[in-house]
Amino acid sequence: MKEKFYLTSSIPYVHQLPHLGNSFELIGTDALARYKRLADYDVFFLTGSDENSLNVERKTRELNIDPQTYCDQIVTGMQEIWRALNISYDYFIRTTYERHIRTSQDFFQRAYDNGDIYKDFYKGWYCVSCEAFYIEDELTEDKKCPIHNSEPEWVEEENYFFRLSKYQDKLLQYIEKNPDFIQPQIRRNEMLSFINMGLRDFSISRASTKWGIPTPLDPNQRIYVWFDALVNYLSGIGYIDEKEKFERYWPADVHIIGKDIARFHCIYWPAMLMSVGLPLPKSVFVHGWVHLEGERMSKSRGIYIDPTAAVREYGADPIRYFLLREVPFGSDGDFSWQRFVARYNADLANDLGNLLNRTLSLAKRNFDGKIPKPAEQEGEPDTDLIELALSLPAKVDDCTNRLAFNNALEAIFELVRRGNKYIDETAPWQLAKEDNAERLGTVLYNCLETLRFIALLISPFMPESANEIRRQMGLSDDFSEKENLDSLKTWGGLPSGITLGEPKPIFPRIQVETGEKPAPKKETDADNFITMDDFRKVDLRVAEVLSAEKIKGADKLLRLQVDVGHNEERQIVAGIAEHYEPDDLIGKKIVLVANLQPAKIRGVDSYGMLLAAVSKNDIVVVAPDKDVPLGARVR
RNA sequence: GCCGGUGUAGCUCAGAGGCAAGAGCGCACGGCUCAUACCCGUGUCGUCUAGGGUUCGAGUCCCUACACCGGCACCA
């Protein structure tokens, strides 16, 4: 029976759709999951959504929509993003699923039965954004949340508390005895010092909300969102309703999380598990942030990359490759479009793409479009290449198991470069001229076999490209089942005689004009901000329509004569003919952009434009609310 | 303020005491022409942040300083 491997990403809040920074976690987790499948593990990759937050209740009350409907929408969007990025999770757990609710309640009950949950009267400051309580001392001078600088709320209610303090020593011992439990080291140190400062019991229920999971002891109390969120790692593998599956997969081999939630996963969660008597996850891996051009990604500030847009522009694999190759998974990294293009062109287009392309074109031309049969290997170029290829899987295995994806990819691309060098050394085009078919066959076979190695090894990181390489080589693209890492133990696994596919550049070079930004067009808020000065540049004036007529040969255009006051008349062209009859406009007061650069539209001069509200299927001319003198400034 | 990390070629980074300091990108020159103006080769550039110390020998260990980053605390 296969060895199991259970890995999880965190489950993002449903507050907003993930940006590319958030996606880093799923991309890394996915790479590990795919690698483990390739290594013939029985993998279970869990992700999901965290929905029981107080914020959901607030937000949906404001928007006047049903919380569940709201969550459904966000979750759908989230799953679309994961699909675009090719995230191969095995199950998506939502914390509003019944199985999760029951699991959380069961968990709560067990902890209670073990004496680790007690009721106490709670008075304190609560920050909704943090979902956390603060003691007086922790607030800022003017009584604001130290993180969000927002007004916390005074909450006074009876809550259930979890005896975290009881586990302080046990936790400390555990982390000390298991040096790899928290990775990387820096996070481990942080957690240790946090524990050493002393752990306090924490409140795990709320009385003030109707959204969320009722505690089993008192239905008026809802389980604190963090307490139930962590339980997803159990409910997602059937703790309550698929015992066998749960037994098989628990404990998790690794929880992959962001550094902002390290404390919950490295301290609270292990203590909770100790309380109910379940084994602890084997490790928690804390990854860093991906910044954008040096700035922290933030949707609210408009500094982010929309994963879907990025994928649409460049494909999922180049994005995945860049992040995994450029950013050590445990550290913070930076996404820069300039460096993205540099990496893409150098590694993917020039090295890998071109290696495939030139190999195929040589092979196709010379061997009737089929994979040639190799003869004896000859001399250094051959043995050198083969040795490197055969040594690669172990290196990749080591790096990937340590989640050092950047090093794994670096090693793989050494082979890519070696492949290109091999072609130059052996000069197959010369061999063709010399009619040395035997040697030529061997050389090209070696190139193709190298590509088979590469395709298999990059498949966890760039699944689509791996498939495409194999398709072009005439191999089945569905190889993960039949062909795994074992097929890289010896040279020559590639069968001869297969008809090669059509060579086509898999990574077309990205041409960047000087000064042009390669970033995909995005509609961020930041892009929409203009300064007051920007706005003042626009000269808006009230004008009156004197005459209007359709422009011949144009469905949408009207020619208008307008009176802009101060004895000035102008001709403008407006694209509203589909929604207004010319006669209806005459005498109407409108708002005119008076200093717009003149233009010739359908041969008609236009000296300004009128303002109109544009919706999906209507255009409505903007008019002053009351009568004003012509030429009045609008601002 | 406390704890931790980082500081190596123009850029991104590898180098956990020992042959004359490396890779990729960039740049220059040369080669090739199968290929996505690509590939291959050669070369270019470093007071390894600064100062002190340990050692036969230090990017590599210790101390101090500076800069940047992170965690925690505190002040506002």
Side-chain angles (χ1 to χ4, degrees), chain A residues 134-144 146-147 149 182 184-199 258-263 266-267 286-289 291 294-296 318 322 325-328 330-336 338-367 381 384-385 395 399 404 406-407 409-414 416-433 440 443-444 447-448 451 472 500 503-512:
Chain A
Y134 289 96
I135 56 171
E136 187 90 27
D137 290 353
E138 288 174 325
L139 297 176
T140 62
E141 178 85 336
D142 49 354
K143 302 269 177 280
K144 298 260 179 81
I147 291 168
N149 204 33
I182 301 169
Q185 285 296 308
I186 179 170
R187 302 298 161 200
R188 180 171 180 264
N189 295 341
E190 284 170 15
M191 292 304 119
L192 281 173
S193 70
F194 184 82
I195 297 171
N196 277 322
M197 285 187 309
L199 297 178
K259 60 181 180 179
D260 53 331
I261 54 176
R263 198 182 298 169
C266 302
I267 296 171
V286 185
H287 66 76
W289 303 127
H291 297 236
E295 287 194 86
R296 172 94 182 263
F322 179 84
R325 171 66 185 84
E326 191 91 355
V327 183
S331 326
D332 288 348
D334 192 41
F335 192 102
S336 122
Q338 207 186 336
R339 286 176 45 203
F340 170 77
V341 170
R343 271 241 174 262
Y344 177 99
N345 280 343
D347 296 358
L348 299 181
N350 295 352
D351 289 351
L352 176 55
N354 191 37
L355 175 65
L356 173 70
N357 204 237
R358 64 198 301 214
T359 299
L360 286 180
S361 104
L362 282 163
K364 252 189 121 63
R365 181 170 324 168
N366 290 298
F367 289 92
D384 229 53
L385 176 74
K395 231 181 284 175
C399 295
N406 58 327
N407 294 331
L409 284 166
E410 192 180 4
I412 296 169
F413 274 76
E414 261 171 51
V416 173
R417 280 192 297 273
R418 190 63 189 83
N420 276 319
K421 186 173 170 174
Y422 178 77
I423 295 183
D424 284 301
E425 286 168 340
T426 52
W429 52 92
Q430 278 297 335
L431 298 169
K433 268 188 209 150
L440 180 60
V443 164
L444 292 181
C447 294
L448 289 163
L451 281 162
Q472 292 195 16
L500 295 163
K504 192 183 155 210
I506 50 171
F507 300 111
R509 276 182 70 84
I510 300 173
Q511 303 294 349
V512 184

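Chain A is the first sequence line, chain B the second, and so forth, proteins listed ahead of strands; every chain is numbered from 1.
As rounded to whole Å, 15 Å separates atom C1' of B:rC25 from atom CD1 of A:I510. Between A:L192 atom CG and B:rC3 atom P there is a gap of 16 Å when expressed in whole angstrom units. Between A:E410 atom CD and B:rC25 atom P there is a gap of 12 Å when expressed in whole angstrom units. For the pair A:L385 CG and B:rC40 P, the computed distance is 13 Å after rounding to whole Å. Atom C1' of nucleotide B:rA35 and atom CD of A:Q472 are separated by 13 Å, given to the nearest angstrom. The separation between A:R339 atom CZ and B:rC25 atom C1' is 10 Å, rounded to whole Å. Atom-to-atom, CG of A:D347 to P of B:rG24 comes out at 11 Å; the value is rounded to the nearest Å. Between the CD atom of A:E326 and the P atom of B:rC13 there is a distance of 8 Å, rounded to whole Å.
Going from the C1' atom of B:rA35 to that of B:rG17 covers 47 Å, rounded to whole Å. If you take atom C1' in B:rU49 and the same atom in B:rU8, they sit 10 Å apart, rounded to whole Å. Going from the C1' atom of B:rU6 to that of B:rG59 covers 13 Å, rounded to whole Å. For the C1' atoms, the distance linking B:rA21 with B:rG57 amounts to 16 Å, nearest Å. Spacing of P atoms, B:rA58 relative to B:rG4, comes out at 27 Å, to the nearest Å. Atom name C1', nucleotides B:rA28 and B:rG71: the rounded distance is 46 Å, in whole Å. Comparing the P positions of B:rC3 and B:rU12 gives an interatomic distance of 30 Å, to the nearest angstrom. Taking atom P on both B:rG10 and B:rG53, the two are 29 Å apart, rounded to the nearest angstrom.
Pairing of B:rU47, defined by two Watson-Crick or G-U wobble distances under 3.5 Å, is not identified with any nucleotide. Figure legend. B:rC29 is base-paired to B:rG41; pairs are counted as Watson-Crick or G-U wobble with both atom distances under 3.5 Å. Within the shown strands, B:rG7 is the pairing partner of B:rC66 under the Watson-Crick or G-U definition, both distances less than 3.5 Å. If you check B:rA73 for Watson-Crick or wobble pairing at under 3.5 angstrom, you find it has no partner at all. Pair check for B:rA16 finds none; no Watson-Crick or G-U wobble contact set falls under 3.5 Å. Pairing of B:rC34, defined by two Watson-Crick or G-U wobble distances under 3.5 Å, is not identified with any nucleotide. Judged by Watson-Crick or G-U wobble contacts below 3.5 Å, the nucleotide B:rG57 has no partner.
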**Prompt:** Taking it one step at a time, do A:F340 and A:F335 satisfy ring-ring contact (aromatic ring centres under 6.0 Å, His included)?
**Reply:** CA-CA 7 Å; A:F340 170 77; A:F335 192 102; 5.8 Å; yes

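The pair A:E190-A:R187 counts as a salt bridge, with a side-chain nitrogen and a carboxylate oxygen less than 4.0 angstrom apart. Using a 4.0 Å cut-off between a side-chain N of Lys or Arg and a carboxylate O of Asp or Glu, A:D424 and A:R358 qualify as a salt bridge. Note on A:R418 versus A:E425: salt bridge recorded, some NZ/NE/NH1/NH2 to OD/OE distance being below 4.0 Å.
Across the interface with RNA chain B, nearest-nucleotide mapping of A:N350 and A:L355 shows A:L355 to be the residue nearer the 5′ end. Each of A:K421 and A:P508 lies near RNA chain B, and the nucleotide nearest A:P508 is the one positioned closer to the 5' end.
Residues forming a side-chain contact (heavy atoms from CB on, under 4.5 Å) with A:A342 (at least two apart in sequence, or on another chain): none. For A:R343, the salt bridge (charged side-chain N to carboxylate O under 4.0 Å, His left out) test picks out A:E326, A:D347, with sequence neighbours left out. For A:F367, the ring pair (Phe, Tyr, Trp, His ring centres under 6.0 Å) test picks out no residue, with sequence neighbours left out. Annotation: side-chain contact (heavy atoms from CB on, under 4.5 Å) contacts of A:K364 (sequence neighbours excluded): A:L500, A:E502, A:P503.
B:rG59 has its base syn relative to the sugar, with a glycosidic angle deviating from 0 by at most 90°.
Looking only at side-chain heavy atoms (C-beta outward), A:I423 and A:W429 come within less than 4.5 Å of each other. Between A:D351 and A:L355 there is no side-chain heavy-atom pair separated by less than 4.5 Å.
Not a single donor-acceptor pair under 3.5 Å links the side chain of A:N357 to the backbone N or O of A:G353. No donor-acceptor distance shorter than 3.5 angstrom exists from the side chain of A:D332 to the backbone of A:H291, with no hydrogens or angles considered.
Within the nucleic acid shown, A:F413 has no heavy atom closer than 4.0 Å to any nucleic acid atom. Looking at heavy-atom distances under 4.0 Å, A:A342 makes no contact with the nucleic acid at all. The residue A:I506 sits close to a base: some heavy atom pair falls under 4.0 Å.
Each of B:rU36, B:rG4, B:rC25 was ranked by its minimum atom distance to the side chain of A:N189; first place goes to B:rG4.
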Give every pair of a protein N or O atom and an N or O atom of nucleotides 68-72 of chain B that lie under 3.5 Å apart, one pair per line with the distance.
from, atom 1, to, atom 2, distance (Å)
B:rG71, O4', A:E190, OE2, 3.2
B:rC72, OP1, A:R263, NH2, 3.2

Find every protein N or O atom lying less than 3.5 Å from an N or O atom of nucleotides 27-34 of chain B, and list the pairs.
from, atom 1, to, atom 2, distance (Å)
B:rC34, O3', A:R365, NH2, 3.2
B:rC34, O2', A:S361, OG, 2.5
B:rC34, O2, A:R358, NE, 3.1
B:rC34, N3, A:R358, NE, 3.3
B:rC34, N3, A:R358, NH2, 2.5
B:rC34, N4, A:R358, NH2, 3.0

